[in-house]
Amino acid sequence: ILSTLPDITLNDFLFDLQEKGRSAILPRAVIRNMGEEKIDAVGGLVLFRGFEPCGELDEESTLFLMMARDICSGGTLEIVHRGLTFEIIKSTADIRITGEKKAEIQIDLELLLTRVLQDGPDEDDKSQKQIEEAAAEYVEDSVCTLLDTLQGVRCDAVGFGLDFRQAYPD
C-alpha cells in the first residue's frame, strides 16, 4: 500500500491534544534497510491518548485511518491476495451516531483499477461487480481491523467523540 501521509501541522496536533473527542496523531519516523544502507523515512503514524503516545500505525493502517477521518487525498490500494491494484481517485467518509453508544462510518471510494496480476483473479472473477465487491470487502475488513487496534490502545484517532459530543452535548 502506498499512500500519502496526512498533512499534520503543529497547530493541528496541538488542537487535537486539547480537543475532547479526537486523539492526536503525528507522522512516525522509521529506519528502513535498503540493502546495507539504512534510510530514515516517515512511515505510518504515532497515536496519542492525551499527551502520551499510546500506539503506532503502519502505512496500510494509516491509509485506512485517513479514509475514516475523511482526509484521504489519494494513494494506491493494493489487494495482494486478489492480485488487484487501484489508484484512489476520491474518498469521503461520514460518521453517523445511531445510539447513545453506537456509531456507523460510511466510506465512499472512487477507485481506478490499474493492475490485475496474472496470478490474480481467474478470467471469470474479473467482472466489474466482483472486483468492486473484493475492494469493498477489503476496505471494510481493514477499517474494522483499524478500529479494533484503536480500541485496544484506547485511542479515538478517527474522532467518533466529536460526533458523540454534538449528538449528546451533556
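Treat the numbers as computed from the prediction; the structure is a model and nothing was measured. Heads up: numbering here begins at 1 and tracks the sequence.
Within the 4.5 Å cutoff, side-chain heavy atoms of Ser91 are placed close to those of Ile107. No side-chain heavy atom of Leu10 sits under 4.5 Å from any side-chain heavy atom of Phe15. Under the 4.5 Å side-chain criterion, counting only non-hydrogen atoms from C-beta, Phe48 is not in contact with Asp16. Two residues are said to be in side-chain contact when any heavy atoms from C-beta on lie closer than 4.5 Å; Thr92 and Asp70 meet this criterion. Taking 4.5 Å as the limit, every side-chain heavy atom of Asp156 sits out of range of all side-chain heavy atoms of Leu150.
Atom-to-atom distance recorded for Asp141:CG and Leu146:CG is 12.5 Å, nearest 0.5 angstrom. To the nearest 0.5 Å, atoms CZ (Phe86) and CD (Glu132) are separated by 8.5 Å. The structure places OH of Tyr138 at 11.0 Å from CG of Leu84, a figure rounded to the nearest 0.5 Å. The CG atom of Leu113 sits 9.5 Å away from atom CD1 of Ile79, with the distance rounded to the nearest 0.5 Å. Expressed to the nearest 0.5 Å, how far OG1 of Thr62 lies from CZ of Arg69 amounts to 11.0 Å. Between atom OG1 of residue Thr145 and atom CD of residue Glu60 there is a gap of 9.0 Å, rounded to the nearest 0.5 Å.
Residues in residues 86-103 take part in these salt bridge (Lys or Arg N to Asp or Glu O under 4.0 Å) pairs, two or more places apart or across chains: Asp94-Arg96, Arg96-Glu104. Residue pairs satisfying the side-chain hydrogen bond (donor to acceptor under 3.5 Å, both in side chains) criterion with at least one member in residues 48-58, sequence neighbours excluded, are listed as follows: Arg28-Glu56, Asp58-Ser61.
No chain of hydrophobic side-chain contacts below 4.5 Å, direct or via other Ile, Leu, Val, Met, Phe, Trp or Tyr residues, connects Ile89 to Met67. By the criterion of side-chain heavy atoms lying less than 4.5 angstrom apart, applied directly or through intervening Ile, Leu, Val, Met, Phe, Trp or Tyr residues, Phe64 is not grouped with Val80; the two fall into different hydrophobic clusters. Hydrophobic clustering of Ile, Leu, Val, Met, Phe, Trp and Tyr side chains at less than 4.5 Å, counting indirect connections, keeps Ile25 apart from Leu162. Residue Ile8 is grouped with residue Phe51 when hydrophobic side chains (ILVMFWY) are merged at heavy-atom distances under 4.5 angstrom, including chains of intermediate members.
Side-chain atoms of Thr9 and Asp12 include a donor-acceptor pair closer than 3.5 Å. Between the side chains of Gln106 and Asp108, at least one donor N or O lies within less than 3.5 Å of an accepting N or O.
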*Start with the C-alpha distance between Leu109 and Val139, add both sets of side-chain angles, then the distance that settles side-chain contact (heavy atoms from CB on, under 4.5 Å), and finish with yes or no.*
CA-CA 10 Å; Leu109 295 172; Val139 170; 3.7 Å; yes
*Derivation and outcome, side-chain contact (heavy atoms from CB on, under 4.5 Å), residues Val158 and Ile95*: CA-CA 9 Å; Val158 175; Ile95 296 174; 3.8 Å; yes
*asked:* Go through it in stages, so that I can follow the logic: the residues are Ile97 and Tyr168, the test is side-chain contact (heavy atoms from CB on, under 4.5 Å), and I'd like the CA-CA distance, side-chain angles, deciding distance and then a yes or no.
replied: CA-CA 10 Å; Ile97 304 304; Tyr168 301 99; 3.8 Å; yes
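Screening Ile71, Leu45, Ile88 for a side chain to side chain contact (heavy atoms under 4.5 Å, CB included) with Met66, the sole residue that qualifies is Ile71.
A salt bridge between Arg82 and Glu133 is absent, with no side-chain N of the basic residue lying under 4.0 Å from a carboxylate O of the acidic one.
Of all non-hydrogen atoms in Leu47 and Ala157, the two that sit nearest each other are CD2-CB, 4.0 Å. Here the shortest heavy-atom pairing between Leu17 and Gly50 reads CD2-O, 3.0 Å.
With sequence neighbours left out, the side-chain contact (heavy atoms from CB on, under 4.5 Å) criterion links Thr85 to Thr76, Glu78, Thr114, Arg115.
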